[in-house]
Amino acid sequence: MQEREPRVLVTEDAIQDRVAKLARRISKDYEGVESLTLLGVLRGAFIFLADLSRQLTIPRRVDFIALSSYESESTSAGAVRLVLDVRAPLEGQHVLVVEDIVDTGLTLDYLLRTLQARGPKSLKTCVLLEKPERLKVKVPIDYLGFTIPDEWVVGYGLDSGDRYRCLPYIGVVEPQ
Ligand code: PRP
C-alpha cells in the first residue's frame, strides 16, 4: 500500500526565508566576536545547522552533541543522557546551541545545565520549532524559527521512526 505524503505545515520557501533572517540577526549580534561555536544537537538539527551555518557572515566553527531520552521503565520518564560529546572544550567559547525542536523542553533544559557547568563565555540557543502546548520546562530560546501546534512533525531533519528526515519542508504525519 502506498503511504501518504506528509501534509505540508511549513514550506521549503518559508523555512529558507526564516533561516536567512535568523542568520542575518545572529551575524549582527555576534559581530566582532573572534569565533562562534555552533553546537548542533544530533540528529534532528543536522540540516538546520547546515543551512544556518552557511549563511552566517561571522567567524564560526561547528561541533555536535547527541542526547537520548531514557526509555527503560526503571528510569523516570523524561530523563536525558549524553551519548556523544563535543570534540573541543567549550570553556571560554561563545556557544550557540542549534536545535530542531523544543517539545517538552526537557532535552534543552538538560543540555543547557550541562553546558553552563563547562564555563562558556556565552551560551545562547537557536531553535527552529517550538510547540508551546507540550512544554513542561521553560527554556530560553534566543533565536526562534516557528511556533507550531501540537502535531507530529517530520522533515528538514525531523523524523518519524527514522523516516522523512530529508524532506525539504516540515510536514505532519500520524504519530507512530
Ligand atoms: C528530538 C529533538 C530534540 C528533542 C526535543 O530529538 O531533536 O532534541 O527531541 O524534545 P523535548 O523538548 O521533549 O526534550 P529525538 O529524541 O527525537 O532524537 P533525534 O534528534 O535523533 O531524532
Side-chain angles (χ1 to χ4, degrees), residues 3 5-10 12 14-16 18-19 22-23 26 37-54 62-87 90 95-118 120 123-176:
E3 283 191 307
E5 288 288 303
R7 169 169 57 85
V8 179
L9 182 67
V10 187
E12 180 177 1
I15 295 171
Q16 293 306 330
R18 194 77 193 114
V19 170
L22 287 171
I26 292 166
T37 299
L38 297 165
L39 186 55
V41 184
L42 295 173
R43 287 169 282 182
F46 77 108
I47 292 180
F48 181 37
L49 176 63
D51 282 351
L52 184 75
S53 61
R54 286 179 295 176
V62 170
D63 210 334
F64 291 96
I65 207 159
L67 302 164
S68 178
S69 302
Y70 284 106
E71 276 160 17
S72 82
E73 286 172 20
S74 58
T75 49
S76 63
V80 179
R81 73 191 163 98
L82 191 63
V83 291
L84 174 81
D85 209 341
V86 292
R87 181 173 282 188
L90 299 174
V95 178
L96 180 62
V97 174
V98 180
E99 250 295 25
D100 53 334
I101 187 164
V102 167
D103 190 352
T104 62
L106 290 165
T107 303
L108 193 56
D109 179 61
Y110 169 86
L111 181 59
L112 290 176
R113 283 186 282 116
T114 304
L115 297 177
Q116 199 65 65
R118 297 179 182 189
L123 180 60
K124 286 189 177 186
T125 60
C126 180
V127 175
L128 183 68
L129 306 170
E130 68 157 4
K131 267 189 201 173
E133 288 164 56
R134 297 254 312 157
L135 203 64
K136 285 186 182 161
V137 192
K138 198 163 161 38
V139 283
I141 300 178
D142 297 287
Y143 303 97
L144 175 67
F146 302 93
T147 299
I148 58 166
D150 182 14
E151 297 199 86
W152 193 276
V153 283
V154 295
Y156 202 68
L158 290 99
D159 75 310
S160 176
D162 252 337
R163 296 188 57 222
Y164 304 113
R165 282 197 201 274
C166 299
L167 288 177
Y169 61 90
I170 304 288
V172 175
V173 292
E174 292 302 314
Q176 288 218 326

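When a ligand or atom number is given, it counts from 1 through the structure's own listing order. The first residue in the sequence is number 1, and the count goes up from there.
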| said: Check this for me, if you would: do R165 and D100 make a salt bridge, where the nitrogen-to-carboxylate-oxygen distance has to be below 4.0 angstrom? | reply: no
| field | Of D159, I170, V10, V173, the residue whose pairing with V153 passes side-chain contact (heavy atoms from CB on, under 4.5 Å) | value | I170
| Quick check: does any side chain N or O of R18 sit under 3.5 Å from a backbone N or O of A14, one acting as donor and the other as acceptor? | no
Pairs under 3.5 angstrom only: tabulate donor-acceptor contacts from the side chains of residues 132-140 to other protein residues two or more places apart or in another chain.
from, atom 1, to, atom 2, distance (Å)
R134, NE, D103, OD1, 2.7
R134, NH2, D103, OD2, 3.4

| Nearest atoms (heavy-atom pairs only) where L82 meets D85 | CD2-OD2, 3.7 Å
| field | Side chain T125, main chain D142, donor-acceptor under 3.5 Å | value | yes
Filter the ligand 1-protein atom pairs down to N or O on both sides and distance under 3.5 Å, then list them.
from, atom 1, to, atom 2, distance (Å)
ligand 1, 7 (O), D100, OD1, 2.6
ligand 1, 7 (O), D100, OD2, 3.1
ligand 1, 8 (O), E99, OE1, 3.4
ligand 1, 8 (O), E99, OE2, 2.6
ligand 1, 12 (O), D103, N, 2.8
ligand 1, 12 (O), T104, N, 3.0
ligand 1, 12 (O), G105, N, 2.7
ligand 1, 13 (O), T104, N, 2.8
ligand 1, 13 (O), T104, OG1, 2.5
ligand 1, 14 (O), T104, OG1, 3.4
ligand 1, 14 (O), T107, N, 2.9
ligand 1, 14 (O), T107, OG1, 2.4
ligand 1, 20 (O), R43, N, 3.2
ligand 1, 20 (O), G44, N, 2.9
ligand 1, 21 (O), R43, N, 3.0
ligand 1, 21 (O), R43, NE, 3.4
ligand 1, 22 (O), D159, OD1, 3.2
ligand 1, 22 (O), R165, NH1, 3.2
ligand 1, 22 (O), R165, NH2, 3.1

